[in-house]
Amino acid sequence: MNEKYFPEVIEAKWQQRWDETGAFIARDEDPRAKFYCLEMLPYPSGYLHMGHVRNYSIGDALSWYKRLQGFNVLHPIGWDSFGQPAEQAAIKRGVNPRTWTEENIVHMRGQMKRLGISYDWSREIAAHRPEYYKWDQWFFLKMFEHGLAYKKLSPVNWCPKEGTVLSNEQSSGGICWRCGAAVEKRNLEQWFLRITDYAEQLVADMKEIEEAWPEKVLKRQRDWVGRSVGAYIDFGVQDSDQKVSVFTTRIDTIYGATAVVLAPDHPLISELLEGSTLKDDVQKFAAKVTAAASTSARRDPAEEEIKEGLNSGVLAINPFSGEAIPVWVANYVLMDYGTGAVMSVPAHDERDFEFAQKYSLPIRQVIAPVTHAQQAAEPLSTKGTDQSAEMHQAFTEYGVLINSGEWGGTLSEVAMKEMAERAESKGFGRAAVTYRIRDWGISRQRFWGAPVPIIYCDNCGTVPVPLEDLPVVLPETAEFSGTGESPLAGVAEFVNTTCPTCNRPARRETDTMDTFVDSSWYFFRYTDPRNESAAFDPAIAKRWTPVDQYIGGDSHAVMHLIYTRFWTKFMRDIGLVSFAEPVQKLLTQGMVTNRVEGTEEWKAMSKSLGNGVDPDDMIEAFGADAARLFILFAAPVENELRWIESGIEGAVRFLRKVYTMVWRWQERLSTGQKESAPANADDFTPAARALRRKTHQTIARVTDDFEHLHLNTSVSALMELYNTLADLDAQPSTASASDAFAVREALEGLVVMVAPFSPHIAEELWENLGHSQGLLGSGWAVWPRLDEQWARKEELEIPIQVNGKLRSRVMAGPDVSEEELRKAALADAKVRSFTDGHEVLKVVVVPRRLVNIVVR
RNA sequence: GCCGGAGUGGCGAAAUUGGUAUACGCACCAGACUCAAAAUCUGGCGAGGUCAAACUCAUGUCGGUUCGAGUCCGACCUCCGGCACCA
């Protein structure tokens with residue numbers, strides 16, 4: 001062992017040893033309790049950034065912690081290796097996407113190994129390899145078989161500059177996320193997965209995870225699914241046998257409906273206006289606002305579109321009141337939510353109110369606020385409160401119905417239920433739940449993805465590829481012009497095939513799948529990564545799943561996590577797994593940001609902003625151990641982490657000090673007193689006694705912090721333990737056998753607890769302390785055992801009387817007797833008194849940090 | 001606008017059930033070592049006040065509960081994040 005700390009030597013040594021001994025390989029047959037720790041799999045962009053380092057440092061700390069406690073830990077990694085950047089590299093630089101991807105993986109794997117992350121590399125997977133995406137295709141076919149995969153004509157976001165299709169997220173605000181060009185709409189036949197079938201479960205099953213997922217993630221998922229409870233109501237059309245179905249969440253306001261409003265692209269419009277003189281005007285208007293909506297997508301979401309509408313001249317019949325009200329067409333009604341038609345109730349809906357004001361439609365109040373008198377079970381009056389007052393804004397709360405026929409005087413909550421029942425019994429409506437979520441469009445008109453395993457035959461139509469013919473292998477290469485349709489369409493030997501049913505010439509589907517498909521089930525593949533006959537063996541997966549702890553950025557809080565929850569529910573339905581929720585606990589880590597040069601702004605590190613920090617530079621300058629320690633110490637894991645270079649020096653200093661201290665003590669312990677466990681507390685000198693107390697308090701704190709993922713404070717606790725040891729170290733050594741025991745206990749505890757943060761140095765020091773087996777190789781759990789007697793801060797409750805009254809709270813270590821406390825309270829106490837001018841109100845006694853008594 | 005979350009030193013941040021506010025670290029200041037610097041070590045470090053102390057004031061603002069409030073309650077201000085015409 002060297003006297004000085006050389007991180008590069010220690011880290012290389014242990015990384016090699018871990019590799020050779022397969023230290024982190026998880027074994028299916030290991031009988032110990034399992035722990036599945038998962039980090040979101042990275043896209044192989046070429047380089048690790050500090051966000052990755054933070055993610056993996058958190059996951060690794062937890063994995064080490066669980067291993068040291070004796071769990072059988074699965075900690076895998078892989079590559080989300082399909083996707084656009086590889087294809088962009090092909091378009092721009094003529095590189096083969098496969099070559100580009102494989103080279104990136106090699107580089108990033110090297111970076112991860114230099115960081116010393118404890119992955120089970122034997123389970124590494126990559127989405128772009130046929131042995132993986134074969135099972136994407138298999139799942140697709142299973143969904144097809146169950147009617148969950150279907151094709152429909154659907155508008156896509158088309159970037160005219162790049163000539164590619166963009167996802168909604170990539171084109172938000174109507175501009176391409178990469179090139180900034182205005183996005184156009186085009187209609188293409190696209191494959192969809194029926195995630196809407198699972199909308200209810202996606203909301204309902206949240207109760208299983210609501211304790212262990214961040215509230216903000218659950219909320220965003222809830223919003224995304226957008227469940228709302230209401231009713232469908234059919235309005236008849238005057239002089240016609242047509243009817244207009246509307247969806248409302250406020251059926252209780254239906255007597256206040258003064259119009260029915262259709263979305264501009266509502267299919268009924270042309271039918272209703274057949275023969276009407278207004279037909280041309282309305283259709284022109286509808287075409288105008290539809291076009292406006294698709295081209296001038298809002299860039300600033302804060303600016304609301306102006307409401308525009310046109311009276312169609314048609315009248316609709318309110319089925320409750322029999323009243324005839326005009327049918328309007330307006331841009332504020334959306335075709336793709338509900339039925340594309342609403343009943344307009346200006347008095348009780350803000351949007352309808354605004355619309356009614358603009359076009360001078362009548363505003364009729366039918367809900368009145370509940371007064372105290374009415375709440376107190378007085379006979380409800382059917383008269384409104386304050387009918388004469390003109391409304392200045394919509395009253396959107398629940399209340400009491402007025403001007404509502406037989407329901408006058410009924411409470412909103414009651415009326416909603418009764419009116420829905422009436423509608424159903426009379427056959428003009430029913431209670432219903434609608435969702436905002438849409439089916440998941442998975443078609444991508446690109447090369448670098450898993451081909452959709454479908455064949456089109458002129459005879460047999462759309463034919464699924466037989467399971468035994470999988471995988472449908474992506475061709476080696478294609479023509480990457482960056483324009484037009486999928487590059488796959490230009491590869492004749494791929495497209496041209498024979499129909500599996502009739503054997504005649506047929507064409508393959510040239511769309512590939514969204515990469516979110518790959519990432520929806522990848523962590524099941526880790527449990528059985530080399531299986532050639534199934535996505536995974538359900539029996540083996542059962543051994544490891546569900547994931548105990550998932551860690552990643554909250555940029556995936558909605559889509560990835562919704563999709564993977566959906567996928568798991570489908571897997572349960574086809575009998576592959578037995579649970580509905582794939583992830584027990586979720587942690588969304590904060591971003592790592594850096595100051596953008598020349599500004600006051602802190603932004604996520606990125607190449608384009610030039611504020612990136614290369615992890616390799618960090619490792620070279622400070623060592624992986626220090627870099628990882630600092631990134632976990634600097635802020636709570638869920639906070640944004642502002643990267644400050646000087647902070648990392650503190651981490652290096654700490655490790656260096658621990659290193660030299662262990663080195664010094666190791667000599668002293670080996671030449672000095674034999675250590676032996678003491679019979680009782682009195683065998684310790686006061687300094688050693690204090691050390692013991694600190695050791696066990698630290699064990700308690702660090703253990704508790706790990707359970708709650710408060711990694712920053714556990715590092716603080718370890719630093720405090722070091723400081724206590726260093727104070728003892730500075731005193732002349734008079735170590736007895738008991739004191740030597742206390743010192744070794746503290747040193748070993750410190751080293752073991754440092755391991756999750758800085759595993760290389762911990763292994764080295766553990767070896768120096770005389771353990772030849774390595775931290776994980778000894779066959780038993782080495783996480784320090786907590787002696788609660790010694791960790792306890794509060795033990796004695798001592799009544800102290802003042803004027804016959806008292807309240808007391810006493811804090812003391814286990815080695816402090818009641819006598820001592822009393823003495824301290826009398827002799828050493830710092831007494832503060834407060835008066836209100838006449839008499840003493842209270843006394844606070846604070847002796848030697850042991851007692852805090854408040855009496856009156 | 002709606003829904004979440006957060007406001008504590010120069011900075012990142014601590015603070016079981018309400019119980020010594022500012023742990024731990026960064027930066028900074030002074031001293032030791034050094035020809036000098038770096039590194040290292042020792043001490044200091046919320047504000048006011050004092051030779052030093054006592055003491056006073058400090059957890060976004062104002063009020064309340066309590067012997068005691070960063071923590072609980074009410075009102076407000078500011079910042080960050082998400083959503084956005086979802087009927």
Side-chain angles (χ1 to χ4, degrees), chain A residues 214-220 222-224 226-228 230-231 246-251 253 257 261 263 293 298 301-307 330-334 336-345 348-352 354-355 396 434-437 554 557-558 590-591 629-630 633-636 638-651 653-654 656-657 660 700-701 704 710 712-723 726 730 793-794 802 805-811 830 832 834 836 840-856:
Chain A
E215 179 52 41
K216 65 177 176 182
V217 173
L218 294 172
K219 186 198 172 293
R220 285 175 62 184
R222 231 175 255 124
D223 288 351
W224 186 264
R227 180 180 197 268
S228 58
V246 305
F247 178 74
T248 177
T249 54
R250 289 299 302 274
I251 188 173
T253 65
V261 186
R298 278 168 288 151
E303 68 183 53
E304 208 169 90
E305 256 179 87
I306 297 158
K307 290 185 175 53
N331 64 344
Y332 78 96
V333 178
L334 309 175
D336 49 10
Y337 183 77
T339 61
V342 301
M343 62 179 200
S344 178
V345 185
H348 305 292
D349 182 279
E350 281 168 23
R351 296 153 300 178
D352 295 340
E354 188 189 329
F355 189 69
T396 58
T434 60
Y435 302 90
R436 197 182 72 123
I437 193 172
D554 67 3
V558 182
M591 283 193 302
L629 182 77
F630 172 66
F633 171 61
E638 65 276 3
N639 281 23
E640 174 187 331
L641 171 56
R642 296 185 164 188
W643 190 259
I644 296 171
E645 192 84 16
S646 63
I648 198 171
E649 311 261 7
R653 275 199 280 268
F654 172 67
R656 199 183 288 143
K657 287 189 293 190
T660 52
R701 262 179 78 184
D704 190 63
H710 297 159
N712 57 323
T713 51
S714 55
V715 176
S716 304
L718 294 172
M719 287 172 168
E720 285 185 50
L721 178 58
Y722 164 82
N723 289 342
K793 279 183 189 162
E794 300 167 30
V802 174
K805 283 186 170 183
L806 86 158
R807 285 227 193 118
S808 73
R809 180 187 173 79
V810 178
M811 293 185 281
K830 174 175 156 196
R832 285 192 223 162
F834 306 86
D836 65 354
V840 175
L841 289 176
K842 60 208 180 228
V843 182
V844 181
V845 185
V846 189
R848 298 193 309 184
R849 296 177 172 236
L850 292 177
V851 188
N852 175 22
I853 303 166
V854 181
V855 294
R856 177 166 198 156

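Values below: every heavy atom of this structure, side chains too, minus hydrogens, waters and symmetry copies. Every chain is numbered from 1, with letters handed out A, B, ... down the list of sequences.
- Residue A:Asn723 places at least one side-chain N or O closer than 4.0 Å to OP1 or OP2 of B:G25.
- Within the nucleic acid shown, A:Gly650 comes within 4.0 Å of sugar-phosphate atoms alone, with no base atom in reach, counting heavy atoms only.
- Cation-pi geometry between A:Lys307 and A:Tyr332 is met: under 6.0 angstrom from the ring centre, within 45 degrees of the axis.
- Contacts of A:Arg656 with the nucleic acid, taken as non-hydrogen atoms under 4.0 Å apart, involve only primed sugar atoms and P, OP1 or OP2.
- Shown here, B:G9 is classed syn by the O4'-C1'-N9-C4 or O4'-C1'-N1-C2 angle, which is within 90° of 0.
- Under the side-chain hydrogen bond (donor to acceptor under 3.5 Å, both in side chains) criterion, A:Tyr337 pairs with A:Ser228, A:Thr434, not counting sequence neighbours.
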Pairing pattern in dot-bracket form [Watson-Crick, G-U; both distances under 3.5 Å; | = partner strand] for RNA chain B: (((((((..(((......[....))).(((((.......))))).(((......)))..(((((..]....))))))))))))....

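- Looking at A:Lys216 and A:Asp554, a side-chain N of the basic residue comes within less than 4.0 Å of a carboxylate O on the acidic one, giving a salt bridge.
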Kindly give the atom pairs (protein nitrogen or oxygen, nucleotide nitrogen or oxygen) under 3.5 Å for nucleotides 27-32 of chain B.
residue, atom, partner, partner atom, Å
B:A27, OP2, A:Arg653, NH2, 3.2

Extract from the structure each pairing of a protein N or O with an N or O of nucleotides 11-14 of chain B at less than 3.5 Å, listing the distance.
residue, atom, partner, partner atom, Å
B:G12, O2', A:Ala634, O, 2.3
B:A13, OP1, A:Asn639, ND2, 3.0
B:A13, O3', A:Asn712, ND2, 3.4
B:A14, OP1, A:Asn712, ND2, 3.1

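- Evaluation of the side-chain hydrogen bond (donor to acceptor under 3.5 Å, both in side chains) rule for A:Asn723 yields no partner, not counting sequence neighbours.
- Taking the six-membered ring where tryptophan is involved, the planes of A:Trp643 and A:Phe630 are perpendicular, since the angle between them exceeds 60° and thus also 30°.
- Base engagement by A:Val333 is indicated by at least one non-hydrogen atom pair under 4.0 Å involving a base atom.
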Could you list, one pair per line, each protein nitrogen or oxygen that sits under 3.5 Å from a nitrogen or oxygen of nucleotides 80-82 of chain B, together with the distance?
none

